Protein chains: 6
Amino acid sequence: MTLSARNKLAGTVKSVVLGTVMAEVVIDIGGHEIVSAITRRAAEDLAIEAGDEVTAVIKATEVLIDK
Amino acid sequence: MTLSARNKLAGTVKSVVLGTVMAEVVIDIGGHEIVSAITRRAAEDLAIEAGDEVTAVIKATEVLIDK
Amino acid sequence: MTLSARNKLAGTVKSVVLGTVMAEVVIDIGGHEIVSAITRRAAEDLAIEAGDEVTAVIKATEVLIDK
Amino acid sequence: MTLSARNKLAGTVKSVVLGTVMAEVVIDIGGHEIVSAITRRAAEDLAIEAGDEVTAVIKATEVLIDK
Amino acid sequence: MTLSARNKLAGTVKSVVLGTVMAEVVIDIGGHEIVSAITRRAAEDLAIEAGDEVTAVIKATEVLIDK
Amino acid sequence: MTLSARNKLAGTVKSVVLGTVMAEVVIDIGGHEIVSAITRRAAEDLAIEAGDEVTAVIKATEVLIDK
């Protein structure tokens, strides 16, 4: 299976914070930090924890540009 | 001014394709390609063209995780 | 690999319209139509065409509720 | 009034979880589960609770495709 | 019916540009311009044209803050 | 620096609610309320509090239209 999302950045989970509904996952991408806010349910279903190898996936229409 | 968006990736514009309504901008971020789809109007107002130094900005709630 | 997005709806592509930058893909999900707007580049890289078995993927934070 | 969002899926609320800021609403759409993360304020203003007939609304630009 | 989206700004359509897949709609909201990019199909189904009274609808999770 | 996002609405912060992961910020824009849901981390990094002059920033692809 291949995903239409244009942006896929592989990295390592640095931290996971679980709220009641949402979860914050910080991913180290070659020295850059990427922050993702997903549902707590998603974080638990994927059992995401520090040290995991994951890929941050971002749809092209969600990327703003600052010049 | 500082933006709440958690993810800011600095890079260089590789290519710009202008459609009637939308524009596709490909940005080289340290060897990774980031693709952004913004309005043509935005691309023209910022006069985005290949070689520009820009920053890709992504809100944390827009980042999916693949594990 | 498993994706954090909570919503995955399997269906069959009914039509693809290619613009210069964007593409519209209509997917039949058990009798319901789901419309997706992705980049033309994504549609071409995945070679999406009518009849393809695909999955529509939607992050929970993108779902509004009308009551 | 008619909404521009292309995707409207009618269903029944199965569960609501309220956090401090966000709320998770699970909707049964003909046997499929759709998960929505909206603000707690929205869930309270609409008084969303299990058993409600609601419609999940999704903009076409928010739909990724997995092939 | 009431929509969960927290942000609803009433205004008047100033212009519509139709591309092959997408449409750009500019709305005057009490002197401010709001730009919306929706699918061409949505713009045509709603028969959106200059002079229409419409409401711009924005989910809270899509609003960034610049301070 | 200039941001590609087409919609920038200047206003004053009315309230901030901090959850574990997310924060809700209500902004008064000339008498209209705009609600933003950002990460708690973002709200803290920007030290957003009632009375602050801020700008709500919204990408054109995130604006739905109700007619």
Side-chain angles (χ1 to χ4, degrees), chain E, chain F:
Chain E
M1 299 261 275
T2 313
L3 202 59
S4 61
R6 295 297 81 194
N7 303 302
K8 291 157 196 159
L9 301 165
T12 306
V13 174
K14 288 180 66 173
S15 64
V16 181
V17 175
L18 298 179
T20 307
V21 169
M22 300 294 287
E24 182 204 60
V25 181
V26 180
I27 307 167
D28 177 76
I29 311 273
H32 276 79
E33 260 190 19
I34 294 282
V35 181
S36 166
I38 58 177
T39 58
R40 178 190 177 122
R41 185 184 290 240
E44 289 180 335
D45 279 8
L46 273 63
I48 297 175
E49 54 186 18
D52 284 353
E53 299 299 312
V54 298
T55 301
V57 175
I58 303 149
K59 197 170 184 303
T61 43
E62 305 300 347
V63 180
L64 291 75
I65 299 177
D66 198 355
K67 181 186 164 184
Chain F
M1 298 263 274
T2 313
L3 203 58
S4 62
R6 294 295 81 194
N7 302 302
K8 291 159 197 159
L9 301 165
T12 306
V13 174
K14 290 181 65 173
S15 65
V16 180
V17 175
L18 297 179
T20 307
V21 169
M22 299 293 286
E24 182 204 61
V25 181
V26 180
I27 306 167
D28 177 76
I29 310 274
H32 277 77
E33 259 190 20
I34 294 281
V35 181
S36 166
I38 59 177
T39 59
R40 178 191 176 121
R41 185 184 290 242
E44 290 180 336
D45 278 8
L46 272 62
I48 296 176
E49 55 187 17
D52 284 353
E53 299 299 312
V54 299
T55 301
V57 175
I58 303 148
K59 198 171 183 301
T61 44
E62 306 299 347
V63 181
L64 290 75
I65 299 177
D66 199 354
K67 181 185 162 184

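Remember, it's a predicted structure, so these values are computed and weren't measured experimentally. By convention in this document, chain letters (A, B, ...) are assigned in the order of the sequence lines, proteins followed by strands, and residues within each chain are numbered from 1.
Both the backbone and the side chain of A47(F) have a heavy atom closer than 4.5 Å to some heavy atom of chain E. When heavy atoms are compared at a cutoff of 4.5 Å, I38(F) approaches chain E solely by way of its side chain, counted from C-beta outward. With a threshold of 4.5 angstrom between heavy atoms, E33(F) approaches chain E through N, CA, C or O but not through any side-chain atom. I27(F) touches chain E through its side chain: at least one heavy atom from C-beta onward sits under 4.5 Å away, while N, CA, C and O do not. Heavy-atom distances place both the backbone and the side chain of E62(F) under 4.5 Å from chain E.
In plain terms, the two heavy atoms of D52(F) and I48(F) that are nearest each other are OD2-CA, 3.3 Å. Taking both residues in full, the closest heavy atoms of A56(F) and V63(E) are given as CB-CG1, 3.8 Å, listed atom of the first, atom of the second, then distance.
Remark: side-chain polar atoms of D66(F) are not paired, donor with acceptor, to backbone N or O of V54(E) under 3.5 angstrom. R40(F) contributes a side-chain N or O that, together with a main-chain N or O of G19(F), makes up a donor-acceptor pair within less than 3.5 Å.
Checking E53(E) against T12(E) by side-chain atom types alone, a donor-acceptor pair falls below 3.5 Å.
When each of L9(F), V26(F), I29(F), V13(F) is scored by its heavy-atom pairs under 4.5 Å with chain E, the top score falls to L9(F).
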